[in-house]
Amino acid sequence: MLDKSFDPAAIEQRWYQRWESAGHFSARDGETPAYCIQLPPPNVTGTLHMGHAFQQTLMDALIRYHRMRGFNTNWVVGTDHAGIATQIVVERQLEEEGKSRHDLGREKFIERVWQWKQQSGATITRQMRRLGTSANWTYADTEGQKAGYFTMDAAMSRAVVEVFVRLYEEGLIYRGKRLVNWDPVLGTAVSDLEVDTEEEDGRIWELRYPGEGFSMVVATTRPETMLGDVAVAVHPDDDRYRAVVGKRVQLPLTGRTIPVIADEYVDPAFGTGCVKITPGHDFNDYQVGRRHQLEPISMLRLDAHVNDNAPQKYRGLERFEARRQVLADLTAQGLLVSDKPYKLRVPRSGRTGVIVEPMLTDQWFVKMEGLAKPALDAAASGELKFYPEHWTTTYRQWLENIQDWCISRQLWWGHQIPAWYDDAGNVYVARSEEELKKKHPGKAFRRDPDVLDTWFSSALVPFSSLGWPQKTKDQDVFLPSSVLVTGFDIIFFWVARMVMMSLHFTGKLPFRDVYINAIVRDAEGEKMSKSKGNTLDPLDLIDGITFDALAKKSTVGLLKAEHRQKVQGYIKAHFPNGIPAFGTDALRFTFASLASFSRTLNFDLGRCEGYRNFCNKLWNATRFVLMNTEGKDCALDEKAPVELSTWDRWIVSLLQRTEAEVEQAFAEYRFDNAAAAIYRFVWDEYCDWYLEIAKDQLAKGSEAVQRGTRRTLVRVLETSLRLAHPIIPFITEELWQSVAPLAGKKGESIMLAPYPKSQPERIDTAAEAEVETAKAVVNATRNLRSAMKIPPKERITLFLTGKPSATTLAATISLARSEPKLVDELPDTGSPVAVVGAHRLMPHIEIDPAKERERLNKELSRLTNEIGKAKAQLGNASFVERAPAAVVEQMRERVAGFEATLAKVSAQLQKLSQ
RNA sequence: GGGUGCUUAGCUCAGCGGUAGAGCGCUGCCCUUACAAGGCAGAUGUCGUAGGUUCGACCCCUACAGCACCCACCA
């Protein structure tokens, strides 16, 4: 006997362990078609947030769905070493001990990071298991931790080196001194994508550079960089400055003179039309400098302090300190023309938030243009498909304007670049130092200290996880994978680069479909952020959390008192009683229900509660079915006589329709539609109607009818459980274990049972129509009862015209608590009347004629209104002429139906008035 | 500057060239042995604005407004 209400905590852990230890998550060799998903590998240092939970719910639903449909499913998972992010975490730990990574040295530091990785890496995979993810944990699991691959393990690293070497040999990787975005705090280059430019309030200054008999006024938001100026530029067509182009001006504070040059880049309408040119610290100026063969001057050290290229006075000053000094000195010399507030775009490092400095440094780059072309073609030809489709535009536009990718990072944690230098500074790229020494015996080499951008190894995951560069059978079977489920924020970082790398090295796409999932926001549509306190931990939704614990947890690590206060306020307002335990299934169903093609997903606790209730409904429906079928004859013996009522055939018919809806929804990645179809079928039809009528059939039916009812009860329920399993795996498994045997199904686990397939031949339109009428009569009766304030328990006599079917009668008796009396004409009393198709019904009850007239008049005016609208359309000659015949016919039937009802209603009204 | 998405019930969102929908919330009545995490009944909308196409527009087209996001080198 099941408990009265379902308790997720009691079942979830148990089932997950059984599934995993039984090996149900592994791929199955065989003839079946393959279905493969590559998990976006989470960072080792991270914890599961709502975005992960959402994504993984969708992936797991897809995997379970296809596994049940007989596909050879392989959900390849792993974790990412997340270079910068992880290094920062460990550096912060050291900081607390009063140390820096330099105190440890590179080797010891990396050891320390590995230690940290071992202990924290398991966190996210443990959380994933709580979500029920049926991932192939032991696949590509070189470390034996049942956590899939790790992007820095030996197998994955081999692929990274191989790709680097091959790209180098093909001339697609080069090293060079370029202006790159530099994070002065981390002391590393970062890629364009890792820089966020935000509009901020700043100032703009105008500086005067004196020349012989003239002077130039330039505008700048970064006056300190004037120490690195190499020219002043004007537009070639600007008449104001035509005469001075080619002359030189004094660069204040430096004792240098710089030329006035003409370049199209300058907008003569902006400011004075003169631009200072600082090729060492500005990307535009860098281009201008190249065009005019002007040598860039770096005036900052890598830590963003002024270097020795500047006058003595400024050396060693931090960049903003230098700014103040420069401005003060210019003011003193009368060369500061103006100083105004100004909105400017400030480039900040995505990791540290510090202002990024364009810095001239030696870096490694990948030439992207040639790689991008095939990636563009794949999307254009439709071989690679985005869902929702509009993301193709984003993908395409980025690839069309792609820049070379700076892949070197001046960090310690990551794949060290497989490049060496000899004493003369020549570069050698090789698979290993041994290989290099064999080729060049006796030579001494020094390895390049830089590591690769994390995304370099991520880009290879679709094939490196399958064993590349070795030839493996899995690459034939699982590449391309079926679908990538990921967020739009990494279309450039990851999706596009995987496509390019896969096509280049394997000739295959990494995946056929890309499903871009919505971004999870809070219920009001606000971005989730720690400082607002509106983040949710998926595990808190699953296990529940008290107000106190939540408040404490949300403020830990918040340094500012104002933030703490804000967070406390938010939690008090939104979670005054903490969060109840909804369980994994409810959370998953919520995610699925909210997964439409919209760009954001506003996570609403109310919805989650509603779907928890749905789980409870399913639980209790099963409880009811078991109570009525266990130990009883459910017609497992096919020879026993079985009689199926219209209601029985109807629910089976609807089940076929639901199965078809769900199949289509999965095919279109419309998880919301799949969830809604299941919800409606289980709750609105099976529970609200079929179970209720089944009670009647079990109480009053013949032996054959009872047997048919029990058979229908268990079979439809058993099928519904399988239908819902991909979304709510735990509760369906738990219930299925009891229900399946009654339905004659055997199997170790529901997750291995076949997925329900719609059988169109079992759609019974006649039964559906008959039940529609029965429902309408019941609804109308209930409506009258309620309007007339008849106590719910009171049985009433109900006069019915139009020879109702047995289906209708049974429903009226049991679901509307009525004793139908079949008549040709309703008796001549003042009782209220409702009209349903061919039937008129009238509860036998004394009423207030005035109130009843009011009710009938309301109905009359509604009908008149509808008839008016419909007739107006039919009166339109061009409608009748040009609209499809079926539509016109439908409209005529509509009018006829309304008019018949109207006639009956007004007759009744007339009677009342006598 | 270029691009994308959104605007439908109090809230969060589906939707479709032919009768405006769901969940939550709200109102009323019910603890009826599957389920009060429930049952039954009910109220609520100039479908952002203005044009156009069409027999017919919430839906298609154009413009505009508001909101959100992405990309981009204006000092």
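Here is the naming used below: chain letters follow the sequence lines, and residue numbers restart at 1 for every chain.
A sub-4.0 Å separation between OP1 or OP2 of B:rU33 and a side-chain N or O of A:Lys4 is absent. Dashed line: the shortest gap from a side-chain N or O of A:Asn613 to OP1 or OP2 of B:rG38 is under 4.0 Å. At the phosphate of B:rG39, OP1 or OP2 sits under 4.0 Å from a side-chain N or O atom of A:Trp683. Between A:Ser596 and B:rA14 there is a side-chain polar atom (N or O) within less than 4.0 angstrom of OP1 or OP2. A close approach under 4.0 Å does occur between a side-chain nitrogen or oxygen of A:Asn783 and OP1 or OP2 of B:rG42. Note on A:Tyr342: a side-chain N or O is less than 4.0 Å away from OP1 or OP2 of B:rA75. The side chain of A:Arg670 places an N or O atom within less than 4.0 Å of a non-bridging phosphate oxygen (OP1 or OP2) of B:rG15.
A:Leu717 places its CG atom 16 Å from the P atom of B:rC35, with the value rounded to the nearest Å.
The residue A:Asn401 sits apart from the nucleic acid: no heavy atom pair falls under 4.0 Å. Within 4.0 Å of A:Gln403, counting heavy atoms only, lies no atom of the nucleic acid at all. Contacts of A:Thr622 with the nucleic acid, taken as non-hydrogen atoms under 4.0 Å apart, are absent. In this structure, A:Asn602 reaches the sugar-phosphate backbone alone: every heavy-atom distance under 4.0 Å involves primed, P, OP1 or OP2 atoms, never a base.
A salt bridge between A:Glu357 and A:Arg222 is present, with a side-chain N of the basic residue lying under 4.0 Å from a carboxylate O of the acidic one. With salt bridges taken as basic N to acidic carboxylate O contacts below 4.0 Å, none links A:Glu198 and A:Arg348. A salt bridge between A:Arg345 and A:Glu200 is absent, with no side-chain N of the basic residue lying under 4.0 Å from a carboxylate O of the acidic one.
With hydrogens and angles left out, the side chain of A:Arg612 and the base of B:rA37 share a donor-acceptor pair within 3.5 Å. A donor-acceptor contact under 3.5 Å is formed by the side chain of A:Arg599 with the base of B:rU4. Interface remark: the A:Gln397 side chain does not form any donor-acceptor pair with the B:rA72 base, using a distance-only criterion of under 3.5 Å.
With hydrogens and angles left out, the side-chain atoms of A:Ser191 and A:Glu194 include a donor and acceptor closer than 3.5 Å.
With RNA chain B read from its 5' end, the first of the two nearest nucleotides for A:Ser5 and A:Lys276 is the one closest to A:Ser5. The residue among A:Ala787 and A:Arg623 whose nearest nucleotide of RNA chain B lies closer to the 5′ end is A:Arg623.
Comparing atom distances between the A:Thr393 side chain and each of B:rG3, B:rC24, B:rC13 picks out B:rG3 as nearest.
Separation of the C1' atoms belonging to B:rU4 and B:rU12 is 22 Å when rounded to the nearest angstrom.
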